[in-house]
Asker: 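Please see the structure below; I have some questions.
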Amino acid sequence: MGSHLLKKGYEPKEVEKRWYKYWEKEGLFSAKDVSDKEPFSIVIPPPNVTGVLHMGHAYNNTLQDILCRYRRMQGYNVLWMPGTDHAGIATQNVVEKELAKERKDRHSLGREKFVERVWQWREECGGLIIKQLRRLGASCDWARERFTMDEGLSKAVRTVFVKLHEQGLIYRGNYIINWCPRCQTALSDLEVDHEDHSGHLYYIRYPFEKEEGGIVVATTRPETMLGDTAVAVSPSDKRYRALEGKAVILPLMNRKIPIISDEYVDMRFGTGALKITPAHDPHDFEIGQRHNLASIKVIGADGHMNEQAGRFQGKDRFECREEVLQALREEGLLEKVEPYQHSVGHCYRCRTTVEPYLSKQWFVKVKPLAEEAIAVVETGATRIIPDIWTKTYFEWMNNIKDWCISRQIWWGHRIPAWTCEDCDELIVAMGPPSACPACEGSTLVQETDVLDTWFSSALWPFSTMGWPDDTQTLKTFYPTSVLVTGFDILFFWVARMMMMGIHFMKEVPFRDVYIHALVRDAEGKKMSKSKGNVIDPLYVIDEYGADAFRFTLAALAAQGRDIKLSEDRIEGYRHFINKLWNATRFSLMHLSDFEPDESGEGVRDLSLADRWILSRLNGVAESVTKNLDGYKFNDAANAIYRFVWHEFCDWYLEIIKPVLYGQPVSAASGERVKEIPKPARYETTRFVLWSALNETVRLAHPFIPFVAEEIWDKLPGTEGSIMTAEFPKSTATRYDAEAETTMDLLMGIIGGIRNIRGEMNVPPSMLVEATVQSPDKGARELLERYRDMVLNLCRLKGLEVMLPDKRPPSSATSVFGNCSIFVSLKGVIDFELEKGRLNKEIAKIVKEFDGIGKKLSNRDFLQKAPQEVVQKVREKGERLAEKKDRLEENLEKVAQLVGNS
RNA sequence: GGGCGGAUAGCUCAGUUGGGAGAGCGUCGGCCUUACAAGCCGAAUGUCGCAGGUUCAAGCCCUGUUCCGCCCA
């Protein structure tokens, strides 16, 4: 391939499509059930089948893909298990909306037809997100894609249900649950979002049965009074002691209800008297149980008042509230209305205000399961990262309440329970029983409810691997290595997978749980369609390329911190991709006919720069490895960024240019003489350039797979996909302290000269002379040795290296270490400018020196601080003092010159 | 009401056995120097939210406090 023909700007579109196809075709994402390699496995948090890729998915999956690609290159047998979730209510809502357009509803269709219709919808429109994940570069083993309603996973669901029922951990009963009148189904506590709402507190007088007067209760939901069956006061409330056991007349309903006392009542709330509606409030329900009160349901499943609501029957619950208030006003029983802030529950799917509702539902008794799930985190069998979430996890697990798992919708796993019409016997079984085990009756009716979607998601780590069958996949890949997910589903999903995994597999579902934060907009607001502040990941990929996008997410992925994403940030990282691309273009210009020498002949006689870049590369490999192992994606990404841009490009490529271009060994003449380069030096340089670039793209591949593969492909002497190449290892032998120290000195001197040029506005086209004076023989020798590097990078026509001596005339000064740097500016120097520059420099040193002086004059510091630290401070003080002296000396001379002119 | 997180340069944020306040973006100055102007070279910029405490030494540890955000009830 004609590498010198690479386009000037990197164009991701075509490249990404081509390589993704190639990876899939070559089966590079596929995991082996049987392998000598060590396993590494991740199950994807299954997106809703109705979902489209949003920033949260993009972030979550980018992190997973980085880990998978990293481990694959390290030689692991990687399984990244993909799939989607049937998302009961969400999917049902989508299809119902579609039906509504056809002026139909699910009831007119009937259950069976409706479910068919949902399957059909799924065939046609579902799982779009799976295609979108490919655009991101996700390296899932697509052949293993699962769906929570697949036959295999459904079998797992039924098995778990039956077993838990056998073990007494699933039960059915009449309790207050959260009811969504729009979705017409029960919800678990977690599926209710609480929002603060400015409402009112209504004070209503319930007249005594016989005497005058009455007791005043306070409520935010007056319509529920129609179902009141008592008034409760606190047993320690002296105000009401005399009233206990008496009765009041429930207004509007003219029902006699007792005044009872219960510890639950808070004397400070309202009047201290609480109306009790067991059928419509969870606390009231419990009080009702304790006092054997009747539960009267006055609100129906559809959110309208029912026949128990007397003259209010048929009214919407909120309409009814107004009418009840009006009626009370008319009767003079509404004593007072106060503005009141209280939280109101909303359905997490459709935002409808949730109604506490008494009904017969199925529950999981989670306490015993939670105990196991707590234990494994305590022992460290599963680590939660960052650790801060461990406490939240424990908190929730310790205060867990039974989980309502039945839903009155049609799309989902139907509860495997049957009722005998003859004797009412309840049978829970894997499949339809042929006869009632109690009475042998044959009319058995299956439970119409389906299971909470999260019930099947809870089994995901093992149901996707074939459980309840004893599969090789399970043997190889369970428990999974890590789960990567957002904190928003820590309870919904992670906690439940922990419980189910441990209970059924006798082994934790994951070794690590990495919890990441949220992607927000540039102002830190949550992205939402209604706010109009969403950034579409697909748009970003089209516009900037998947690599730039992925790298942005990784670079901003600081643990425990939300990402504030803006297009500007992505654009910035696109520049990085382009930088790498152009560095490659440059390299390939000189490598087109290069053939890497397997024998290692090429590594003889490395130059300083060669040794330095290889040593630095080792440092980056170490940093990336350490940070990825610790899920510090941002640190890993930034290490690569810094290396590529500020070491490889800014220094290494600049240093080797003369060798590659065959430029004059001495630039002193200021002319570029095309010389035939020394073959050995040239070949060595090409070898190191090739190695460095080769290793760099391997390090970068997990983050920016497409461009890395493209570069890998263009690089001579590479074979196969970069996905199967080895991830660079850091070894102590590759660290070259001497090269790094020497380069630090040279870079410091070069920096000093460049600083003068920049500050004094010397244009790059102007070649100047410089002098470095140092008492240090070693430093002088190094400068002599690498004179050409300095000449070249500073655009000098001459460099004199000498012992400290007189200041060269008409020069500007700077100091690095024990070296004084002079740049001769004959005829160009502006002494005022130089004076200002020196003053500024001195002021900086003085400031720093003050702090050090204080330390060194502090006896306590000298005595108590470790000698190491004291020594370091001393040395630094000396360095600064010397630097200051030099600069002041120069300032004085410059001041004289200014005075003379 | 309970719990958690954040507050560091103009912006977004790094900063762990406590010992030299940093990066990116933006800004300013100089450059189209034969990979890249999506670039190169250089520069400026801080009461580390506030108040105490521990320590020879605090952005970091402790206590209190203010503001912002989140979770749970």
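Sequence lines set the chain letters: A, B, ... in the order given, protein chains first and strands last, and positions in each chain run from 1.
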Asker: Counting only side-chain nitrogens and oxygens, does A:N399 get under 4.0 Å of the OP1 or OP2 atom of B:C72?
Answerer: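 No.
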Asker: If the cut-off is 4.0 Å, is A:K401 near the phosphate of B:A73, judged by side-chain N/O to OP1 or OP2?
Answerer: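 For B:A73, OP1/OP2 do not have a side-chain N/O of A:K401 under 4.0 Å.
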Asker: In whole angstrom, give the distance that lies between atom CD of A:E654 and atom P of B:C40.
Answerer: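 After rounding, the reported distance stands at 9 Å.
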Asker: Below the 4.0 Å mark, does B:G39 have OP1 or OP2 next to a side-chain nitrogen or oxygen of A:H575?
Answerer: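 A:H575 to B:G39 OP1/OP2: side-chain N or O found under 4.0 Å.
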Asker: Under 4.0 angstrom, heavy atoms only, what part of the nucleic acid is A:R569 near: base, sugar-phosphate, or nothing?
Answerer: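 Base, at least one base heavy atom under 4.0 Å.
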Asker: When you check the phosphate oxygens OP1 and OP2 of B:A57, does a side-chain N or O of A:K864 lie under 4.0 Å from one of them?
Answerer: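 Indeed not, no polar side-chain atom of A:K864 lies that close.
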Asker: If you measure from CG on A:L190 to SG on A:C404, what distance do you get to the nearest 0.5 Å?
Answerer: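 It is 11.5 Å, given to the nearest 0.5 Å.
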Asker: Using 4.0 Å as the upper bound for N to carboxylate O, is an ion pair formed by A:E647 and A:R616?
Answerer: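 Yes, charged N to carboxylate O under 4.0 Å.
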Asker: May I ask you to verify if any side-chain N or O of A:H283 is less than 4.0 angstrom from the OP1 or OP2 atom of B:A73?
Answerer: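 No, no such contact exists.
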Asker: For A:L190 and B:A73, give me the distance from atom CG to atom C1', rounded to whole Å.
Answerer: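 From A:L190 CG to B:A73 C1': 13 Å.
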Asker: How many Å lie between CZ on A:R574 and C1' on B:G39, as a whole number?
Answerer: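 Taking CZ of A:R574 and C1' of B:G39, I get 14 Å after rounding.
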Asker: Describe the nucleic acid contact of A:K391 in one word from base, sugar-phosphate, nothing, applying a heavy-atom distance below 4.0 Å.
Answerer: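 The answer is sugar-phosphate, as A:K391 gets under 4.0 Å only of primed atoms, P, OP1 or OP2.
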Asker: Does A:W645 make a side-chain N or O approach to OP1 or OP2 of B:C40 shorter than 4.0 Å?
Answerer: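 For B:C40, OP1/OP2 do have a side-chain N/O of A:W645 under 4.0 Å.
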Asker: Scan A:Q863 against the nucleic acid and name what it touches under 4.0 Å (heavy atoms): base, sugar-phosphate only, or nothing.
Answerer: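 Nothing, no heavy atom under 4.0 Å.
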Asker: Hey, does the side chain of A:R874 reach the backbone of A:L856 with a donor-acceptor pair shorter than 3.5 angstrom?
Answerer: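 No, A:R874 side chain to A:L856 backbone: no donor-acceptor pair under 3.5 Å.
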Asker: Tell me: CD1 of A:I515 to C1' of B:C4, nearest whole Å?
Answerer: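 Rounding to the nearest Å, CD1 of A:I515 and C1' of B:C4 are 14 Å apart.
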Asker: To the nearest angstrom, how far is A:K840 atom NZ from B:G29 atom C1'?
Answerer: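 Atom NZ in A:K840 sits about 11 Å away from atom C1' in B:G29.
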Asker: Hey, is CD on A:E14 packed in by over 12 heavy atoms from elsewhere, all under 6.0 Å?
Answerer: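 Result for CD/A:E14: enclosed.
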Asker: Under 4.0 Å between any heavy atoms, over every strand shown, what does A:N638 touch: base, sugar-phosphate, or nothing? Just pick one.
Answerer: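 Since no nucleic acid heavy atom lies under 4.0 Å of A:N638, the category is nothing.
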Asker: Quickly, which of A:Y59, A:Y514, A:F703, A:F551 forms a ring-ring contact (aromatic ring centres under 6.0 Å, His included) with A:F633? Name it, please.
Answerer: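 That would be A:Y514.
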